Protein chains: 2
Amino acid sequence: MLSILGPNDRADGVLLATGPVRNVSQDQTIYSMSEPAEAILKVVSGMVRTCRFMSNGRRQIDAFHIEGDVFGFEAGAHYSLSAEAVSDCTLVCYRRSDLLSLAARHQGLANQLYLHSIRNLARAHAHACLLGRFSALEKLASFLADESAHSPQREQVTLAMNRTDIADYLGLTVETVSRSLAMLRRSKLIEFSSPREIKLKDLNGLRVLAV
Amino acid sequence: MLSILGPNDRADGVLLATGPVRNVSQDQTIYSMSEPAEAILKVVSGMVRTCRFMSNGRRQIDAFHIEGDVFGFEAGAHYSLSAEAVSDCTLVCYRRSDLLSLAARHQGLANQLYLHSIRNLARAHAHACLLGRFSALEKLASFLADESAHSPQREQVTLAMNRTDIADYLGLTVETVSRSLAMLRRSKLIEFSSPREIKLKDLNGLRVLAV
DNA sequence: CGTCTCCTTGATTGAAATCAACTTAGGTGG
DNA sequence: CCACCTAAGTTGATTTCAATCAAGGAGACG
C-alpha cells in the first residue's frame, strides 16, 4: 500500500499523483535537521531512523520506522530531527502543503494524518519511559520484545540496525548494549546465530524484564 | 480562550457547547492509565502532569501542561498515561468522539487538533533527547531554561511542581535534582528566594549548559 | 592475505542512585 | 500566636551501574 490512505479511499489516486517514490540506499540522509520541513514520508520497504544530533557528537535516535510508518511530522517550518536510511529503503514522499490542502477536502486523509501523528506520539511516550526509568538490561529486553512484535516469526528477530544505532536509541553506549545482550544470552533468554540474528528463546521472560 | 479553535473560527460556539469546564484541585487525578480515553482536554489555568506509573513504584512524567496546552491524545481506546493536577486547575473537556465528528465538518478544528498533537510530538522528541543523552546538570539547566520561556518574567521562575515531580520528569532522583540545583546556585547561575522561587541570574549560561 | 569495520570483552573510573540524617517550611491545633 | 508536627527539601557517605579507556576477535571485502 503506497498511499497514506487505504486503497479504498477516494483520495487515493490523488495522493499517488502527488507522492513520488524515492529510493534511498543504506546510511543515506533523507532529510537533515533544520532544513525546511517540506515532505512527509511513508516507508514502503526498509528501515528509517529519525535522530537528533547534539553538540560534542552525541546522538539520540528518536525512532526506527518500518513499512507502513509515516514520519516527518513537524510543528515548525523546519525539521527538528534528521532522517536516515538504516537499510536500503523505498519511500513515498508527500509534499506537506499538498497533504494539508488535500486533507481539507478529504476527510479520510485528514483522519489518517491525525492518526499517524498520534501513533508517533504514543511511541514517543513509551520511549520516554524507557529512556528515563529503565535499566540497561530492561532497555534491551524491551527493545527485543518490540522487535519481535514486528518480526514475521515472533521468536526470531533480524536486526536491521547495528549496535551503535541500538545504543543511540536506548540512551546507552555500544559497550553496554553488547554486555547487556551477553547477559541475556547467558541467562538463556536469547541466542545468537550471528550478531544481527537473534533467537528469542524465552519471549515471556523478556517481556517480564521489559517491565 | 476556552476552545481548541481560535475565537474567530465558526465551530467555536459548537465546541463550547460540547466542552464542559472542569475544576480540579491540586494532586487530584484527571484520568488514569487504562481507563477509556473519552476526553481530550485543554488547560485554561493551572498545571497538569501526564505520567506513566510502572512496576516497583517508578514513575515517568511525560509532560507538564500549562494554559493553552491540549492533552489526552491517544492512539488506542484507552489512556496510556495518567493525568493529574500539579496545581489547582481549570480545564475544558471535549468528548473525543464529538471532536472527531466535528472535525469532519470543520476544517479549522481538524487543523487545530492535528497541530496540537504535532506540538506534543515535538515536545516528546526534545524530551527523549534530554532523557537519553543529557547529564543531570544539563537536564536541570534545560528544564529551568524551558520554565523561563513560559514565565511572565524571563529571569524569575516560580515552580508549580515539587522536586519529586521534577525528578520524575527528568529521569533523576530527588536528591540528584537538589544537588544539581545547588551546583547551579554555587556557580552563580541561579539564586533561590525559596525552594520554588528561582532567579535565573545567568540565563545565557543556563542555555549554554542546556546544550 | 591484509585491512577495515563491527562487535565483544576486560579493567577502571565516574556520575548518579541509594541509604541515612538533618534542616526548613508550612499547616494545625492548643 | 506560638509550638508542634509533618512534608518537602537539602546534604553527606557509600554503593552501584553504566561510561570510559583499552584491547582483542570475527567477519566482509578488495
Side-chain angles (χ1 to χ4, degrees), chain A residues 26-27 49 54 56-60 86-88 130-144 157-187 190-198 209 211, chain B residues 25-27 49 54 56-61 86-88 130-144 157-187 190-198 209 211:
Chain A
Q26 190 173 348
D27 287 324
R49 60 174 174 256
M54 302 163 55
N56 58 319
R58 285 180 286 183
R59 181 178 70 151
Q60 177 65 48
V86 171
S87 60
D88 292 350
L130 173 148
L131 289 171
R133 290 296 181 211
F134 281 22
S135 71
L137 210 62
E138 290 169 341
K139 285 175 177 181
L140 263 301
S142 167
F143 174 73
L144 290 176
V157 299
T158 304
L159 300 175
M161 72 294 280
N162 63 28
R163 297 294 192 260
T164 307
D165 283 339
I166 298 176
D168 288 346
Y169 178 66
L170 299 178
L172 299 170
T173 58
V174 215
E175 294 94 329
T176 302
V177 168
S178 198
R179 269 188 259 272
S180 302
L181 287 175
M183 276 172 134
L184 293 175
R185 179 168 50 67
R186 279 194 296 273
S187 316
I190 63 174
E191 208 166 65
F192 297 86
S193 42
S194 86
R196 305 281 190 101
E197 278 293 335
I198 304 182
L209 260 184
V211 189
Chain B
S25 53
Q26 190 173 348
D27 288 324
R49 60 175 174 254
M54 303 164 55
N56 57 320
R58 285 180 286 185
R59 181 179 71 150
Q60 177 64 49
I61 293 182
V86 171
S87 60
D88 292 351
L130 173 148
L131 288 172
R133 290 296 181 211
F134 281 21
S135 71
L137 211 61
E138 290 170 340
K139 285 174 177 182
L140 263 300
S142 166
F143 174 73
L144 289 177
V157 298
T158 304
L159 301 175
M161 72 295 280
N162 63 28
R163 298 294 192 260
T164 308
D165 283 339
I166 298 176
D168 287 346
Y169 178 66
L170 299 178
L172 299 170
T173 58
V174 216
E175 292 95 328
T176 301
V177 168
S178 197
R179 269 188 260 271
S180 302
L181 287 174
M183 276 171 134
L184 293 175
R185 179 169 48 69
R186 280 195 295 272
S187 316
I190 63 175
E191 208 167 65
F192 297 87
S193 42
S194 86
R196 304 282 190 100
E197 279 293 336
I198 305 183
L209 261 184
V211 190

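Letters go in sequence order (proteins before strands), and every chain restarts at 1. It should be emphasised that the depicted structure is a prediction, and the values quoted were computed from it without experimental measurement.
Summarising the geometry, the separation between CG on B/L159 and P on D/dA8 is reported as 15 Å, rounded to the nearest angstrom. At whole-Å resolution of the value, CZ in A/R185 and P in C/dC7 are 15 Å apart. Counting to the nearest Å, the C1' atom of D/dA19 and the CZ atom of B/F134 are 18 Å from each other. The CG atom of A/L140 sits 10 Å away from the P atom of D/dA18 (whole-angstrom rounding). Rounded to whole Å, atom P of C/dG14 lies 14 Å from atom CE of B/M183. The interatomic distance linking A/D27 (CG) with C/dT5 (P) rounds to 13 Å, in whole Å. A straight line from CD of A/Q26 to P of D/dC29 spans 11 Å, rounded to a whole angstrom. Taking atom NZ of A/K139 as the reference point, atom P of D/dA18 lies 8 Å away to the nearest angstrom.
OP1 or OP2 of C/dA17 lies within a sub-4.0 Å distance of a side-chain N or O belonging to B/T176. The side chain of A/T173 places an N or O atom within less than 4.0 Å of a non-bridging phosphate oxygen (OP1 or OP2) of D/dA19. OP1 and OP2 of C/dC6 both lie 4.0 Å or more from every side-chain N or O belonging to A/R196.
Partner of A/D168 under the side-chain hydrogen bond (donor to acceptor under 3.5 Å, both in side chains) criterion, out of A/Q60, A/R163, A/R59: A/R59 alone.
Comparing atom distances between the A/R179 side chain and each of C/dA16, D/dA13, C/dA11 picks out C/dA11 as nearest. Residue A/E175 has its side chain nearest to D/dC21 when only C/dA16, D/dC21, C/dT18 are considered. For B/L172, the side-chain atoms get nearest to C/dA17 when compared with the rest of D/dA19, D/dT10, C/dA17.
Both A/F192 and A/R133 lie close to DNA chain C; mapped to their nearest nucleotides by heavy-atom distance, the more 5′-ward contact belongs to A/F192.
Residue-level contact check: A/S135 touches the backbone only, with heavy atoms under 4.0 Å from sugar-phosphate atoms and none from bases. Using a 4.0 Å heavy-atom cutoff across all strands shown, B/L181 reaches no nucleic acid atom at all.
Not a single donor-acceptor pair, N or O on each side, falls under 3.5 Å between the base of C/dT8 and the side chain of A/R186. Residue side chain A/R163 does not reach the base of C/dT9 through any donor-acceptor N/O pair under 3.5 Å, judged by distance alone.
The two residues B/L131 and B/Y169 make their nearest non-hydrogen contact at CD2-O, 3.7 Å.
Interatomic distance, CG of B/L144 versus CG of B/L181, reported as 6.0 Å (0.5 Å rounding).
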